[in-house]
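Working notes, beginning with the structure itself.
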Amino acid sequence: MPEQDVEQAERNAGRFTLATPVGAESPVPLPYPVPEPDEEWPLPNGFAHVFYGEGNQGIIRPVIMADGFNLGRSDLKALYAGLDRDYALLTQLRRRGRDVILLGFEERSASVPENAEAAMAAVLRTSAEQIGDARMTVGGFSMGGLVTRYALAKMESQRLDHRTELYFSYDTPHRGAVVPVGLQAFSHFIPVANDFARQMNSPAARQMLWRHYDPKTGRTGIAPERTRFLEELQQLGSWPRVPRLLALANGRGDGTGLPIPPGETALKLERIYPGTTFYTQAQGKDVIVAELKRRFPAAEKTITTSDFPELDGAPGGTLRSYGILADALKKAGAQIDLRHESICFVPTVSAVAIRDIDEQKDLYAAVDGLSPEESEVDDFICSSDTTGHTAITEELGEWLLERLPD
C-alpha cells in the first residue's frame, strides 16, 4: 500500500462507533416492514414514536421503552427492528393490547440527566393522552435503563405522579459498563478528530463507564462526571420508590464468563497502525493492555492499568468491541489478527445491581446463588447462556412479558 494511502487510512480509522446489537443494522432483515407509528411526539432533548396495541384506538396500556447509548440521534426505526428481530418482543406486547412508546434522544451520547428530560416529558405526555387509568410500564435498554431510572426518581423527588407500576432495565450498567482502556486510548491516538473518540469522551460515556481514559491527562480512573452523576442519583433516592423494579441481564448468573484468558493478545494490527496490539485485561500492577503505534505522524504509546479485575472474560452481556474495530480497520486496508472478537461489556452484577465490579470475586460471583436481597431491584433474571448486550431473547422477553402489570 502506498504511503499516502496508509496515512489517509490511519486518519480515517475512527469512522465508527461501538453500537449495541439492538440498535445496529442486522444482516438478517425483519420478515415484514417496520410499521409506521400511530403518533410521533417531539420532546425536550428527544422524541417518541407511539404504536397502539392491537384493537386500541389510542393509548390504553402504555409501555415506554428508552433507547440506549451511541453517538448521534436515535433511529427508532432501527430500534423497532432490533427489538422485534430475534424475538418479536414488540409484536408480542402489541398482541397483548400493550401500547409501545419508543423513546429516542436527539443526542444519545448526552448526559443521563439531559436525556432524562425527554423521559420525564414522555411519561407526562403519556399520562395526559392515555384513555383510562391503567398504570404504565417504563424502562429502557442499556443506558436507556439508567435514563428512565433517573427520570422516575427525579419525578418522585419533585412530587410528580409518574403513574408507573413497573420499571425495568435490560442489560443496563447500574454498576458501570466496560470498554477496554486500550480501546479508549486508541480512539484518541488516531491523529484527527473522529466519531469513536467523540463517543468515548462523551458525557454519557464519562458517566457510564466503570473506568474512563482521559485523553487530556492520559490517566485512567473514575471520571469526575461519573462521580457527580452517582451523587445526584443518590440525592434522588438512587431508585424510584413507587414502581416494582425489574432487571434483566444478558450475562449468565452462575459465575461463568467467556473463555478469554487474561493477558492474551486480543487484536494485532499490521499495515495500518503496524504493530499495534491489544491485550485482554489481567490483574496486577502496571499491566500492559495496549501497545499503540502509528506512522503518520510517527508515535508509540504503551497503555497500562493497575488493580483491575479480569474484565474481558467476566460473566455479562457481550459487545463485539474488538470485532467492531477490526472490521473498520480491515475495511481501511489493515491486516488483522483478531483472536477475541467479543468481550464483556455490561457485567452481570452490574446489570442486576448486585455487589460491584471492582473486585474479582464480586465480578465473577455466581449471582443465582446469592440472596435476592443483595440486589437493589425487586426481581431479576440472568440469561442461561452468554448473549450479546441488549440482545432480545425468548428467555428474557417472555420473563418480562409475564411480569407486566394487569
Side-chain angles (χ1 to χ4, degrees), residues 15-54 56 58-59 61-96 98-110 114-115 117-119 121-123 125-126 129 136-145 147-148 168-172 195 199 202 204 250 319-320 324 327 388-394 396-397 400-401:
R15 291 182 174 178
F16 70 96
T17 59
L18 296 184
T20 60
V22 77
E25 288 189 20
S26 170
V28 182
L30 280 175
Y32 57 87
V34 171
E36 291 299 316
D38 294 295
E39 297 182 38
E40 296 185 37
W41 299 343
L43 301 167
N45 304 327
F47 55 102
H49 287 181
V50 181
F51 303 87
Y52 300 155
E54 284 189 10
N56 296 351
I59 299 171
R61 303 169 77 197
V63 179
I64 297 176
M65 312 176 100
D67 195 11
F69 172 63
N70 205 333
L71 194 66
R73 193 174 194 262
S74 291
D75 181 343
L76 294 186
K77 190 170 184 178
L79 180 61
Y80 193 109
L83 295 175
D84 226 41
R85 182 183 298 114
D86 299 321
Y87 173 75
L89 178 61
L90 302 191
T91 295
Q92 292 296 331
L93 282 167
R94 297 177 70 194
R95 282 178 182 165
R96 288 165 165 78
R98 308 281 177 173
D99 309 294
V100 173
I101 301 167
L102 294 185
L103 173 62
F105 308 109
E106 292 296 339
E107 178 49 67
R108 286 172 286 182
S109 67
E114 189 173 326
N115 281 336
E117 295 297 318
V123 169
R125 177 86 180 254
T126 302
E129 296 204 6
M136 59 182 98
T137 295
V138 177
F141 302 88
S142 189
M143 200 161 192
V147 169
T148 47
F168 77 91
S169 65
Y170 201 112
D171 219 38
T172 290
D195 287 346
Q199 185 190 28
S202 66
N250 284 109
L319 192 63
R320 292 185 63 248
I324 291 170
D327 290 346
H389 172 59
T390 68
I392 308 300
T393 66
E394 181 177 359
L396 300 184
L400 178 61
L401 289 171

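Below, all heavy atoms of this structure are taken into account, side chains as well, without hydrogens, waters or symmetry copies.
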Handout entry: Modelled atom types, side-chain donor and acceptor of Asp195 and Thr17, under 3.5 Å
Key = no

Practice task
For residues Ser169 and Gly145, report the shortest heavy-atom separation together with the two atoms involved.
Solution key: CB-CA, 4.2 Å

Exercise for the section: For residues Glu129 and Trp41, determine if any side-chain heavy atom of one lies less than 4.5 Å from a side-chain heavy atom of the other. Expected result: yes

Problem - Verdict with supporting geometry, Glu40 and Val50, side-chain contact (heavy atoms from CB on, under 4.5 Å) - result: CA-CA 6 Å; Glu40 296 185 37; Val50 181; over 6 Å; no

Exercise for the section: Return the set of residues passing salt bridge (charged side-chain N to carboxylate O under 4.0 Å, His left out) with Glu54 (not counting sequence neighbours), or none when no residue passes. Expected result: none

Problem - Taking every non-hydrogen atom, the tightest pair across Pro44 and Ala121 - result: CD-CB, 3.5 Å

Exercise for the section: State which residue, out of Val138, Leu93, Thr137, Thr148, fulfils the side chain to side chain contact (heavy atoms under 4.5 Å, CB included) condition with Met65. Expected result: Leu93

Exercise for the section: For atom CZ of Arg96, decide whether the heavy atoms of other residues, nucleotides or ligands shown that lie under 6.0 angstrom number more than 12. Expected result: yes

Completion exercise
All heavy atoms of Gly104 vs all of Ser74, minimum pair found to be CA-OG, 3.4 Å

Exercise for the section: May I ask you to test the Phe47-Pro42 pair for a side-chain heavy-atom distance under 4.5 Å? Expected result: no

Completion exercise
Looking only at heavy atoms, the pair that brings Ala118 and Leu43 closest together is O-CD1, 3.8 Å

Problem - CG-CD distance between Asn45 and Glu114, expressed to the nearest 0.5 angstrom - result: 5.0 Å

Practice task
State plainly whether the residues Asp327 and Arg320 are in salt-bridge range, i.e. N to O under 4.0 Å.
Solution key: yes

Exercise for the section: Check whether any side-chain heavy atom of Leu319 lies under 4.5 Å from a side-chain heavy atom of Leu18, and answer yes or no. Expected result: yes

Fill in the blank from the handout: To the nearest 0.5 Å, atom OG1 of Thr393 lies from atom CG of Asp86 at 9.0 Å

Exercise for the section: May I ask you to test the Tyr80-Leu102 pair for a side-chain heavy-atom distance under 4.5 Å? Expected result: yes

Problem - Note, Asp67 side chain near Arg108 side chain (heavy atom, < 4.5 Å) - result: yes

Practice task
Evaluate the side-chain contact (heavy atoms from CB on, under 4.5 Å) criterion for residues Gln92 and Tyr87: first the C-alpha distance (whole Å), next the side-chain angles of each, then the deciding distance (0.1 Å), finally the verdict.
Solution key: CA-CA 9 Å; Gln92 292 296 331; Tyr87 173 75; 3.7 Å; yes

Handout entry: Separation between CZ of Phe141 and CZ of Phe168, rounded to the nearest 0.5 Å
Key = 4.5 Å

Exercise for the section: Supply the atom-to-atom distance Asn70 CG to Glu107 CD, rounded to the nearest 0.5 angstrom. Expected result: 9.0 Å

Handout entry: Side chain to side chain, Ile392 and Arg85, heavy atoms closer than 4.5 Å
Key = no

Completion exercise
Rounded to the nearest 0.5 angstrom, the CG-OH distance for Leu396 and Tyr170 is 4.0 Å

Handout entry: Residue pair Asp99 / Thr126, side-chain heavy-atom distance below 4.5 Å
Key = no

Practice task
I would like to know whether His389 and Asn250 meet side-chain hydrogen bond (donor to acceptor under 3.5 Å, both in side chains); could you show each step before the answer?
Solution key: CA-CA 6 Å; His389 172 59; Asn250 284 109; 4.9 Å; no

Problem - Whether Thr172 side chain and Ser142 backbone form a donor-acceptor pair below 3.5 Å - result: yes

Problem - Rounded distance (nearest 0.5 Å) linking atom NZ of Lys77 with atom CD of Glu36 - result: 6.5 Å

Exercise for the section: Using atom types as modelled and distance alone, determine if a side-chain donor or acceptor of Asp75 lies under 3.5 Å from a backbone N or O of Ala78. Expected result: yes

Handout entry: Pair Phe51-Arg94, side-chain contact (heavy atoms from CB on, under 4.5 Å): steps then yes or no
Key = CA-CA 8 Å; Phe51 303 87; Arg94 297 177 70 194; 3.7 Å; yes

Practice task
Mark yes or no: Arg61 above the aromatic ring of Tyr52, with NZ or CZ under 6.0 Å from the six-membered ring centre and no more than 45 degrees from the axis.
Solution key: no

Exercise for the section: Would you check if Ile101 and Leu103 make a side-chain contact, meaning some heavy-atom pair closer than 4.5 Å? Expected result: no

